[in-house]
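Labels below follow one simple rule: chain letters A, B, ... track the order of the sequence lines, proteins then strands, and each chain is numbered from 1. For clarity, every value in this text was computed on a predicted model and none was experimentally measured.
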There are 2 protein chains.
Amino acid sequence: MLSFFTVDCLIFTFHEGKLKVLLTERNEYPYRDWWAMPGYFVDKQEEMEEAVDRIAYEHTGLKNIYLEQLAALAGLKRHPEGRVLTVAYMALVRYEDVKNKVKPVTNYMRQAQWFDITEVPELAFDHNDILQLGLKKLKRNLNYSTAPFALLPEKFTLTQLQQIYEAILGESLDKRNFRKRMSNLGYLKELNEYQTGVSYRAARLYKFDKRKFLKLFS
Amino acid sequence: MLSFFTVDCLIFTFHEGKLKVLLTERNEYPYRDWWAMPGYFVDKQEEMEEAVDRIAYEHTGLKNIYLEQLAALAGLKRHPEGRVLTVAYMALVRYEDVKNKVKPVTNYMRQAQWFDITEVPELAFDHNDILQLGLKKLKRNLNYSTAPFALLPEKFTLTQLQQIYEAILGESLDKRNFRKRMSNLGYLKELNEYQTGVSYRAARLYKFDKRKFLKLFS
DNA sequence: TTTAATAGTGTAAAAAATACACATTATATT
DNA sequence: AATATAATGTGTATTTTTTACACTATTAAA
């Protein structure tokens, strides 16, 4: 009837063409010294959504981020002390907003680090499963989702957008067809601005037009 | 840190061309006399999946049914006695397997009844929200899902299949285009058998070829 | 000026989605 | 036996979307 109650937060970002996930090194039993997703107990008088916001904030310094509920995991054997029911959430953040802010904020974790999603070690608890659930959900919803734009800076290039699609789908896409498809979507705004600071032809920048997106999907 | 822990089970079936949901009338506070989804506390030593199976079994007499986790709801104000975290599951059952078996099996509920999804009353707790989540998920996943075939008898007509699509999508579809699309899927097996007991031209029966489906989607 | 690295672009073919209406079949009714 | 009823089953032309495929343009650095 009664269960311990935690939330875990699968935090993704996008940097240098790669999809990354934020992991923390545990400083507490069980799984001391293992990498794990940020997560902890929900306080007695705290709403679940507040708890996720809090934990994500404590690790990224960001509020009002894109959050989606992924799954509840309640196995009796998840934790040696008895049932610990966890609700896993997925958060997507912009790397620019978050760089240098990433840090563990409690002493039950040692350090926090971004891992390329293709290079994630064996994680504590069932956290590898949760990661797979998150990737699966991103993939399944990709075509009706604002997820890519939550990961990108406000102004981005089509190559960056394509890299996110490729990382989420796990396959490479044809550049011309991808661009054609994106411009047919109707919610990308072409800017008269270009990349700076690159030692090759600068790419045009685009913006996500949220109003047009919402008009199309509701 | 600690929370009460329940599961709720959103049980759908399909009968007489309509998508139906199983509701029970509560005989216990809070929400005594209200209609609600079957749900109850998870026992201390019971796995969550066993609990859902048990509750669904107690209401439908069926084991090994199609189950999907929908969402976890944990609002502090869901229940007057304090936080009751519930994990909602969706179950899809065949009406033929279940008719006359539907019954409440505990005394905290009075009767169980199938409701057309367009005629569901105001429900206890946040159960109307859960129903909407279930329908949304069915809709979103419809094209890659075995859900319609979990609702249909083993042998079914294309009209029945179309009715399920229409109920889930909430719109009517063109018969010829629907049939063309279905036969292009590659996992419907046309039988040399026909409906019986109808007072008009009998429709051809089809079967779902699960092996072909799995080959295509994995 | 050359090299390196990435941006940016078009077309033809195939596949999928859409719009649309009537003849067919089985049973029940008279 | 004829008729009414109720649902089944079918084809085509059009539009839209998806796919396959390779070279020129631009910028900065060497």
Side-chain angles (χ1 to χ4, degrees), chain A residues 14-18 139-140 142-144 148 152-153 155-207 213 216-217, chain B residues 14-18 139-140 142-145 148 152-153 155-207 212-213 216-217:
Chain A
F14 174 74
H15 182 50
E16 291 174 341
K18 309 275 189 181
K139 191 168 170 176
R140 164 158 280 192
L142 188 55
N143 290 327
Y144 337 90
L152 285 168
K155 299 172 182 182
F156 52 85
T157 70
L158 292 180
T159 298
Q160 289 176 310
L161 186 58
Q162 185 173 345
Q163 285 167 336
I164 288 183
Y165 271 74
E166 289 178 337
I168 291 174
L169 296 174
E171 59 181 306
S172 56
L173 302 172
D174 177 86
K175 184 160 58 156
R176 278 175 295 187
N177 293 339
F178 180 78
R179 285 166 182 240
K180 205 186 314 168
R181 189 148 66 86
M182 289 302 118
S183 46
N184 285 338
L185 291 177
Y187 50 79
L188 286 192
K189 197 156 62 193
E190 183 179 295
L191 302 177
N192 284 322
E193 294 177 57
Y194 295 83
Q195 242 179 343
T196 54
V198 288
S199 72
Y200 44 78
R201 178 173 178 182
R204 184 187 282 273
L205 296 173
Y206 289 77
K207 250 180 151 171
F213 178 89
L216 286 167
F217 286 96
Chain B
F14 174 74
H15 181 52
E16 292 175 339
K18 309 275 188 182
K139 190 168 170 176
R140 164 158 279 191
L142 188 56
N143 290 327
Y144 338 91
S145 169
L152 286 168
K155 300 173 182 181
F156 52 85
T157 69
L158 293 180
T159 297
Q160 290 176 311
L161 186 58
Q162 184 174 345
Q163 285 167 336
I164 288 183
Y165 271 73
E166 290 178 336
I168 291 174
L169 296 174
E171 60 181 306
S172 55
L173 302 172
D174 177 87
K175 183 158 61 156
R176 279 176 294 188
N177 293 340
F178 180 79
R179 282 163 184 243
K180 205 186 312 168
R181 188 148 65 87
M182 289 302 118
S183 45
N184 286 338
L185 291 177
Y187 51 79
L188 286 192
K189 198 155 63 192
E190 182 178 297
L191 303 177
N192 284 322
E193 294 178 56
Y194 296 83
Q195 242 180 342
T196 54
V198 289
S199 73
Y200 44 81
R201 178 173 179 182
R204 184 186 282 274
L205 295 174
Y206 289 78
K207 250 179 150 172
K212 284 196 183 157
F213 178 89
L216 286 168
F217 287 96

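Remark: Thr159(A) is in phosphate contact with dA7(C), judged by side-chain N or O atoms under 4.0 Å from OP1 or OP2.
Atom CD of Gln162(B) and atom P of dG9(D) are 12 Å apart (whole Å). Straight-line distance from the CD atom of Glu190(A) to the C1' atom of dG8(C): 11 Å, rounded to whole Å. Remark: P of dT8(D) and CG of Leu161(B) are 13 Å apart, rounded to the nearest angstrom. Between the OH atom of Tyr200(A) and the C1' atom of dA29(D) there is a distance of 13 Å, rounded to whole Å. Met182(B) has its CE atom 13 Å from the P atom of dA16(C), to the nearest Å. Between the P atom of dT18(D) and the NZ atom of Lys175(A) lies a distance of 20 Å, rounded to the nearest Å. Put simply, CG on Asp174(B) is 7 Å from C1' on dA19(C), counting in whole angstrom units. In this structure, Arg179(B) atom CZ and dT12(D) atom P are separated by 18 Å, rounded to whole Å.
The shortest heavy-atom contact between Gln195(A) and Ala202(A) is O-CB, 3.2 Å. Across every non-hydrogen atom of Asn143(B) and Phe217(B), the tightest pair is O-CZ, 4.2 Å.
Rounding to the nearest 0.5 angstrom, the gap separating the CG atom in Leu216(B) from the CG atom in Leu185(B) is 8.5 Å.
With hydrogens and angles ignored, no donor-acceptor pair under 3.5 angstrom links the side chain of Arg201(A) to the base of dT27(D). You'll find a donor-acceptor pair under 3.5 Å spanning the side chain of Lys180(A) and the base of dT19(D), going by distance alone.
Note on Arg204(A): only backbone sugar-phosphate atoms sit closer than 4.0 angstrom, heavy atoms only; bases stay farther off. Note on Asn184(A): nothing from the nucleic acid sits closer than 4.0 angstrom, heavy atoms only.
Between Arg204(A) and Glu190(A), at least one side-chain N (NZ, or NE/NH1/NH2) sits under 4.0 Å from a carboxylate O, which counts as a salt bridge.
Toward the 5′ end of DNA chain D lies the nearest nucleotide of Thr157(B), the other residue of the pair Thr157(B) and Asn177(B) mapping further downstream.
For Tyr144(B), the OH atom counts as loosely surrounded, since its 6.0 Å shell holds 12 or fewer non-hydrogen atoms of other residues, nucleotides or ligands.
For Ser199(A), taking side-chain heavy atoms from C-beta onward, the closest of the listed nucleotides dA28(D), dT27(C), dG8(C) is dA28(D).
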